[in-house]
Asker: 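The structure under discussion is supplied below as structure tokens; questions concerning it will follow.
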Amino acid sequence: MVRIISYKTRQKEDGTEFYLLEVQGGIEMIKSQTTGQYYATAKKATVSTTFDEDTCRGLIGTEFPGKVVKIQTEPYSYTIKDSGETIKLEHRFVYLPDDVNSDEEMLAKKLEEAFV
């Protein structure tokens, strides 16, 4: 299951706005490579919508079937908002419905790589 935790506004090339839903998977415990201590985290992804802003706002808190998965991408630079530090990443997180079989999941990963 994933939960809608927020929404974001984006602009198309023609200047019109559209909305993304930010979804979050379940809590995971990860061991820090630096300290060896465990910390709680959750994977997040965005999903494009055809909804207006009021609908997106109303959907916050809604849960639905699926998962957030990590896929490999071509390397890209990312700036951490809080520190201003720029790092290189080679992955991103995407939402996949529960009914996606392994072949479709592999196709989704390949398509994501092509668009990065």
Asker: How close do Tyr38 and Met29 get, heavy atom to heavy atom, and via which atoms?
Answerer: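 Here Tyr38 and Met29 meet closest at CB-CE, 4.1 Å.
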
Asker: If hydrophobic clusters are built by linking Ile, Leu, Val, Met, Phe, Trp and Tyr wherever their side-chain heavy atoms come under 4.5 Å apart, do Leu21 and Val94 end up in the same one?
Answerer: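 They do not share one cluster, since no chain of ILVMFWY contacts under 4.5 Å joins Leu21 to Val94.
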
Asker: What is the minimum heavy-atom distance between Met1 and Glu63, and which atoms define it?
Answerer: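 In this case the closest contact between Met1 and Glu63 is CE-CB, 3.8 Å.
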
Asker: So if you build clusters from Ile, Leu, Val, Met, Phe, Trp, Tyr with side-chain heavy-atom gaps below 4.5 Å, do Val2 and Val69 land together?
Answerer: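 Per the 4.5 Å side-chain linkage, Val2 and Val69 are not co-clustered.
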
Asker: In Å, rounded to the nearest 0.5 Å, how long is the span from CZ of Arg10 to OG1 of Thr16?
Answerer: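 Arg10 CZ to Thr16 OG1: 14.0 Å, rounded to 0.5 Å.
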
Asker: Under a 4.5 Å side-chain heavy-atom rule over Ile, Leu, Val, Met, Phe, Trp and Tyr, are Tyr76 and Ile87 clustered together?
Answerer: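 Yes, Tyr76 connects to Ile87 through the hydrophobic network.
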
Asker: Locate the shortest heavy-atom distance separating Arg92 from Thr73; write the atom from each residue and the value.
Answerer: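 Shortest heavy-atom separation between Arg92 and Thr73 comes out as CG-CG2, 3.6 Å.
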
Asker: Let me confirm one number: the CZ-NZ distance from Phe18 to Lys8, rounded to the nearest 0.5 Å.
Answerer: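 Going from the CZ atom of Phe18 to the NZ atom of Lys8 covers 12.0 Å.
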
Asker: Side-chain heavy atoms nearer than 4.5 Å, only ILVMFWY residues, links allowed to pass through others: does that put Leu96 and Phe93 together?
Answerer: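 Each belongs to a different hydrophobic cluster.
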
Asker: What heavy-atom pair brings Asp98 and Lys67 nearest, and what distance separates the two atoms?
Answerer: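 Between these two residues, the closest heavy atoms are OD1-N, 4.3 Å.
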
Asker: Any side-chain heavy atom of Tyr19 within less than 4.5 Å of one from Tyr7?
Answerer: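 Yes. Closest side-chain heavy atoms under 4.5 Å.
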
Asker: Report the distance from atom CD1 of Ile4 to atom CZ of Arg57, rounding to the nearest 0.5 Å.
Answerer: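 CZ of Arg57 is found 14.0 Å from CD1 of Ile4.
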
Asker: Is there a path of hydrophobic side-chain contacts, each under 4.5 Å between heavy atoms, that joins Tyr95 and Leu59?
Answerer: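 Yes.
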
Asker: Which distance, rounded to the nearest 0.5 Å, do you find between the CZ of Arg3 and the CD1 of Ile60?
Answerer: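 Answer for the CZ-CD1 pair, Arg3 versus Ile60, is 12.0 Å.
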
Asker: Drop me the distance from Lys43's NZ to Glu28's CD, to the nearest 0.5 angstrom.
Answerer: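 Answer rounded to 0.5 Å: 4.5 Å.
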
Asker: For residues 77-84, which side-chain N or O atoms pair as donor and acceptor with protein atoms under 3.5 Å away, sequence neighbours left out?
Answerer:
| residue | atom | partner | partner atom | Å |
| --- | --- | --- | --- | --- |
| Thr79 | OG1 | Thr86 | OG1 | 3.2 |
| Ser83 | OG | Glu85 | N | 3.2 |

Asker: To the nearest 0.5 Å, how far apart are CD in Gln24 and CD1 in Ile5?
Answerer: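 Gln24 atom CD to Ile5 atom CD1 measures 4.5 Å (nearest 0.5 Å).
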
